[in-house]
Amino acid sequence: MNIAIDGPAGAGKSTIAKRLAAKIGFVYLDTGAMYRAVALKMHNENIPLDDAAEAERILQETSVVVRYEDGTQKILLDGVDVSDAIREHFVSQAASAVSALPCVRLKMVELQRAAARDANVILDGRDIGTFVLPDAERKFFLTASIEERAKRRYEELCAKGATCSLEAIREDIRVRDYNDTHRTLAPLRKAEDAVEIDTTAMSVEQVVESMMWYIEE
Ligand code: DC
């Protein structure tokens, strides 16, 4: 069985997917981390983020591997653990840009489908219910107001000791929302058969509980 969770940046997808996966014993796959790894590679190689030909070339010599250590997902880029590096602020915008390149998407989607074939998996991303796994048994689309999403991200970064401005985070999310919904291939969109949950005024527990209800049904 596969569960698809899509939605815009900062809607709480990964926190919720992790909790849900632990609760029902599924493997959790954060597909955004894969695009982030490719973006990091292009950045490290000084490749412009919209250079499709160079991206295609570099992808042939790039390995993106997802591994689990004590239930935690680790992302290996060419054998190196980049799980922390891909969370850097600049990587978020870069991932949004490179994910619009069809050659990047098609390679990542292939890896995601392969992971979903072999196990009970919860995948979170932007196009899981519409493109990666259109036949997923359960689909969810999580949203929240942009103010709430920016506030959550701000609090998360402050808790890690980072200095950031709420205004800059809101703008970052707005730009990513625009890019992710306006790309040509597999844009961010709610699948027709997905259950939409507006998490603006909900706690993580409430969201998980409501998703459990749909899963058990
Ligand atoms: O979920 P995230 O913030 O880690 O994702 C980073 C970027 O990757 C996001 O802005 C768009 C892209 N992405 C995508 O296009 N498709 C996915 N399934 C997951 C992420």
Side-chain angles (χ1 to χ4, degrees), residues 1-38 64-75 83 86 95-96 99-100 102 104-144 148-149 152 176-177 180-181 183-217:
M1 178 174 176
N2 294 134
I3 298 174
I5 304 179
D6 290 304
K13 299 184 300 292
S14 62
T15 308
I16 282 152
K18 260 183 237 162
R19 293 268 183 105
L20 201 59
K23 222 176 160 89
I24 61 178
F26 276 38
V27 173
Y28 163 54
L29 181 63
D30 169 4
T31 65
M34 302 169 80
Y35 292 98
R36 286 170 180 265
V38 175
V64 174
V65 172
V66 176
R67 181 187 290 165
Y68 296 88
E69 278 174 25
D70 301 328
T72 306
Q73 175 178 301
K74 298 280 177 198
I75 284 271
S83 312
I86 57 165
S96 181
S99 73
V104 173
R105 291 208 79 74
L106 295 176
K107 171 137 186 199
M108 295 305 112
V109 168
E110 200 182 296
L111 297 173
Q112 292 156 16
R113 287 185 180 145
R117 212 172 293 134
D118 303 333
N120 290 328
V121 180
I122 299 182
L123 287 90
D124 90 32
R126 304 291 189 286
D127 60 338
I128 309 300
T130 52
F131 188 71
V132 180
L133 300 174
D135 298 328
E137 283 81 356
R138 287 286 179 278
K139 297 181 186 177
F140 296 95
F141 193 79
L142 301 186
T143 61
E148 178 63 22
R149 290 188 281 134
R152 288 178 191 165
R176 274 215 284 157
D177 282 355
D180 295 346
T181 48
R183 63 171 175 244
T184 316
L185 180 61
L188 166 63
R189 196 164 49 76
K190 174 187 167 299
E192 271 172 23
D193 51 348
V195 174
E196 181 163 351
I197 303 177
D198 183 343
T199 71
T200 306
M202 292 171 84
S203 68
V204 170
E205 287 69 30
Q206 285 173 326
V207 180
V208 171
E209 215 169 280
S210 117
M211 290 167 82
M212 281 298 292
W213 186 84
Y214 285 107
I215 292 165
E216 282 163 357
E217 200 184 24

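All figures in this text were calculated on a predicted structure; none of them were measured in a lab.
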Discussion item. Keeping R126 on the side-chain end and D180 on the backbone end, is there a donor-acceptor pair under 3.5 Å?
Written reply: no
Fill in: Under the side-chain contact (heavy atoms from CB on, under 4.5 Å) test, residues paired with K107 that sit two or more places apart
L59
Discussion item. Show me the pairs that pass salt bridge (Lys or Arg N to Asp or Glu O under 4.0 Å) and involve residues 1-13, at least two apart or across chains.
Written reply: none
Practice prompt. Answer yes or no: is there a side-chain heavy-atom contact under 4.5 Å between V109 and D127?
Written response: yes
Practice prompt. Indicate the atoms forming the closest heavy-atom contact of V121 with F26, along with that distance.
Written response: N-CD2, 3.8 Å
Practice prompt. Just do the side chain to side chain contact (heavy atoms under 4.5 Å, CB included) check on I16 and F140 with the steps written out, would you?
Written response: CA-CA 11 Å; I16 282 152; F140 296 95; over 6 Å; no
Worksheet, complete the sentence: Those residues at least two apart in sequence (or on a different chain) that pass salt bridge (charged side-chain N to carboxylate O under 4.0 Å, His left out) with K139 are D193
Worksheet item: Going through the distances and angles, do M211 and I5 end up as a side chain to side chain contact (heavy atoms under 4.5 Å, CB included)?
Response: CA-CA 10 Å; M211 290 167 82; I5 304 179; 3.6 Å; yes
Discussion item. Assess the residue pair Y68 and Q73 against the criterion (side chain to side chain contact (heavy atoms under 4.5 Å, CB included)); give the C-alpha distance rounded to whole Å, side-chain angles, the decisive distance to 0.1 Å, and a yes or no.
Written reply: CA-CA 5 Å; Y68 296 88; Q73 175 178 301; 3.7 Å; yes
Discussion item. Please find the pair of heavy atoms, one from A115 and one from L29, that lie closest to each other, and give the distance.
Written reply: CB-CD2, 3.9 Å
Practice prompt. Consider only side-chain N and O atoms of R189 and T181, and report whether a donor and an acceptor are under 3.5 Å apart.
Written response: no
Worksheet item: Taking the side chain from E137 and the backbone from N2, do they hold a donor-acceptor pair closer than 3.5 Å?
Response: yes
Worksheet item: Quick one: CG on L123 to CZ on R113, what's the gap to the nearest 0.5 Å?
Response: 11.0 Å
Discussion item. Taking A194's backbone N and O only, do any of them form a donor-acceptor pair with K190's side chain (distance below 3.5 Å, no angle check)?
Written reply: yes
Worksheet entry | Partner residues of R138 under the salt bridge (charged side-chain N to carboxylate O under 4.0 Å, His left out) criterion, sequence neighbours left out | none
Item to complete: Report the distance from atom CG of L111 to atom CG of L106, rounding to the nearest 0.5 Å.
Response: 11.5 Å
Worksheet item: Any luck finding a side-chain donor-acceptor pair between T199 and R149 under 3.5 Å?
Response: no
Worksheet entry | E196, CD: over 12 other non-hydrogen atoms inside 6.0 angstrom | yes
Worksheet entry | For the student: nearest non-hydrogen atoms of R176 and S96, plus distance | CD-CB, 3.8 Å
Worksheet item: Which pair of non-hydrogen atoms, one from S99 and one from R183, has the smallest distance, and what is that distance?
Response: OG-NH1, 3.2 Å
Worksheet item: L185 and R105: which non-hydrogen atoms are nearest, and at how many Å?
Response: O-CD, 3.5 Å
Worksheet item: What do the steps show when you test L142 against V207 for side chain to side chain contact (heavy atoms under 4.5 Å, CB included), and what is the final call?
Response: CA-CA 9 Å; L142 301 186; V207 180; 4.3 Å; yes
Worksheet entry | Summary of side-chain hydrogen bond (donor to acceptor under 3.5 Å, both in side chains) pairs that have at least one residue in residues 19-34, sequence neighbours excluded | R19-E205, Y28-D124, D30-R87
Fill in: Inter-residue atom distance M34.CE - I75.CD1, 0.5 Å rounding
6.0 Å
Practice prompt. Test F141 against every option in V195, I128, L188 by the side chain to side chain contact (heavy atoms under 4.5 Å, CB included) rule and name the one that passes.
Written response: L188
Fill in: Rounded distance [0.5 Å steps], CD1 in I197 versus OG1 in T200
12.0 Å
Fill in: side-chain contact (heavy atoms from CB on, under 4.5 Å) against R67, all qualifying residues, sequence neighbours excluded
E69, L76
Response to the item:
Here the pair of heavy atoms bringing R36 nearest to I86 is NH1-O, 3.0 Å
Worksheet item: Between CD1 of I122 and CE of M1, what distance do you get to the nearest 0.5 Å?
Response: 8.5 Å
